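A short write-up of the structure that comes next.
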Amino acid sequence: MTNMLMDPQNLAANVRSVRERIRLASQRSGRSVDCVTLLAVSKTHPIDLIRAAAQEGIEHFGESYVQEALPKIETLRGLELTWHFIGQVQGNKTRVVAENFHWVHGVDRLRIAQRLSDQRPFHAAPLNVCLQVNVGGEATKGGVEPQDLPDLARAIAALPRLALRGLMCIPPPEDDAERQRHWFRETARLLNGLHVPGTTLDTLSMGMSDDLEVAIEEGSTMVRIGTALFGERPRG
Ligand SMILES: *Cc1c(COP(=O)(O)O)cnc(C)c1O
């Protein structure tokens with residue numbers, strides 16, 4: 001399904017179907033469905049589609065590109081949505097991210113975290129942060145290496161204008177969602193083993209359109225869903 005074909009009826013059906021998948025996976029794993037937040041990944045999709053998703057009751061939206069996200073956030077300010085930055089934060093984009101988003105999922109370096117903390121406006125609540133873990137040890141992927149995680153988490157938790165909330169992962173691509181289970185389980189294990197005084201680490205951001213069930217079964221509290229809600233993204 002492409003954007004061109006996505007009408008409000010299709011969107012409503014997709015939202016229902018994703019919510020049902022979340023409900024069934026939560027039930028299967030003995031967890032309350034309220035433990036899992038649906039984060040709608042709206043990157044590359046137009047403002048009207050975000051507005052329609054908000055009408056279906058979705059409150060959390062994820063964007064990967066600052067320049068694309070800013071006009072969306074500005075235009076939809078009246079809806080009081082919660083915006084998550086899920087891309088790689090570049091050093092020269094920290095200010096706009098700190099000023100416009102409520103959450104950042106891709107933090108993996110202290111220098112970036114320091115800038116986000118310094119640049120978070122005083123009138124805003126602390127910026128919620130998930131540390132990205134390179135759980136598959138992939139050379140080409142961002143994320144902190146598991147052995148460096150405890151030190152980074154402690155350093156970031158000490159920054160005054162950030163609220164460290166947990167971990168996020170993008171596991172290595174596998175053909176089969178079941179094969180992702182290992183990576184999700186490992187990320188959950190890393191979170192459970194992380195003890196940082198003064199923080200409540202309550203967030204595991206993991207699971208996308210193809211593997212949300214397995215992620216929820218392994219403890220995800222936030223699934224990042226694009227394609228299953230909005231259809232295929234234009235290739236670019
Ligand atoms: C694009 C993106 C998603 C959404 O992926 P889908 O497979 O379309 O659900 C989730 N997480 C991140 C970090 C992304 O960049």
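Atoms within a ligand are numbered from 1 in the order they appear, just like the ligands themselves. Note that this is a predicted model, so its numbers are computed, not measured.
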At less than 3.5 Å, what protein N or O atoms come close to the N or O atoms of ligand 1? Include the distances to 0.1 Å.
| unit_1 | atom_1 | unit_2 | atom_2 | d |
| --- | --- | --- | --- | --- |
| ligand 1 | 8 (O) | Thr227 | N | 2.8 |
| ligand 1 | 8 (O) | Thr227 | OG1 | 2.5 |
| ligand 1 | 8 (O) | Arg233 | NH1 | 2.9 |
| ligand 1 | 8 (O) | Arg233 | NH2 | 3.2 |
| ligand 1 | 9 (O) | Ser209 | N | 3.1 |
| ligand 1 | 9 (O) | Ser209 | OG | 2.5 |
| ligand 1 | 9 (O) | Gly226 | N | 2.8 |
| ligand 1 | 11 (N) | Arg224 | NE | 2.9 |
| ligand 1 | 15 (O) | Lys43 | NZ | 2.6 |

Original post:
Got a sec: does the CZ of Arg179 have more than 12 other heavy atoms crowding it under 6.0 Å?
Top reply: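 12 or below, so no.
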
**OP:** Evaluate whether atom CG of Asp210 has more than 12 neighbouring non-hydrogen atoms of other residues, nucleotides or ligands under 6.0 angstrom away.
**Re:**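 Count not over threshold, so no.
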
Subject >> Residue pair Thr37 / His60, side-chain donor-acceptor N/O under 3.5 Å >> reply: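 On atom types as modelled, these side chains do not qualify, holding no pair under 3.5 Å.
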
**OP:** Answer with yes or no whether the hydrophobic clustering places Val33 together with Leu38; edges join I, L, V, M, F, W, Y residues whose side-chain heavy atoms lie under 4.5 Å apart.
**Re:**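 Cluster IDs for Val33 and Leu38 match.
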
**OP:** Take Thr227 and Glu232 through the side-chain hydrogen bond (donor to acceptor under 3.5 Å, both in side chains) test and state the conclusion after the steps.
**Re:** CA-CA 5 Å; Thr227 311; Glu232 296 290 340; 4.9 Å; no

**OP:** First locate atom CG of Leu194, then atom CZ of Arg154, and finally report the distance between them rounded to the nearest 0.5 Å.
**Re:**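 That separation rounds to 7.0 Å.
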
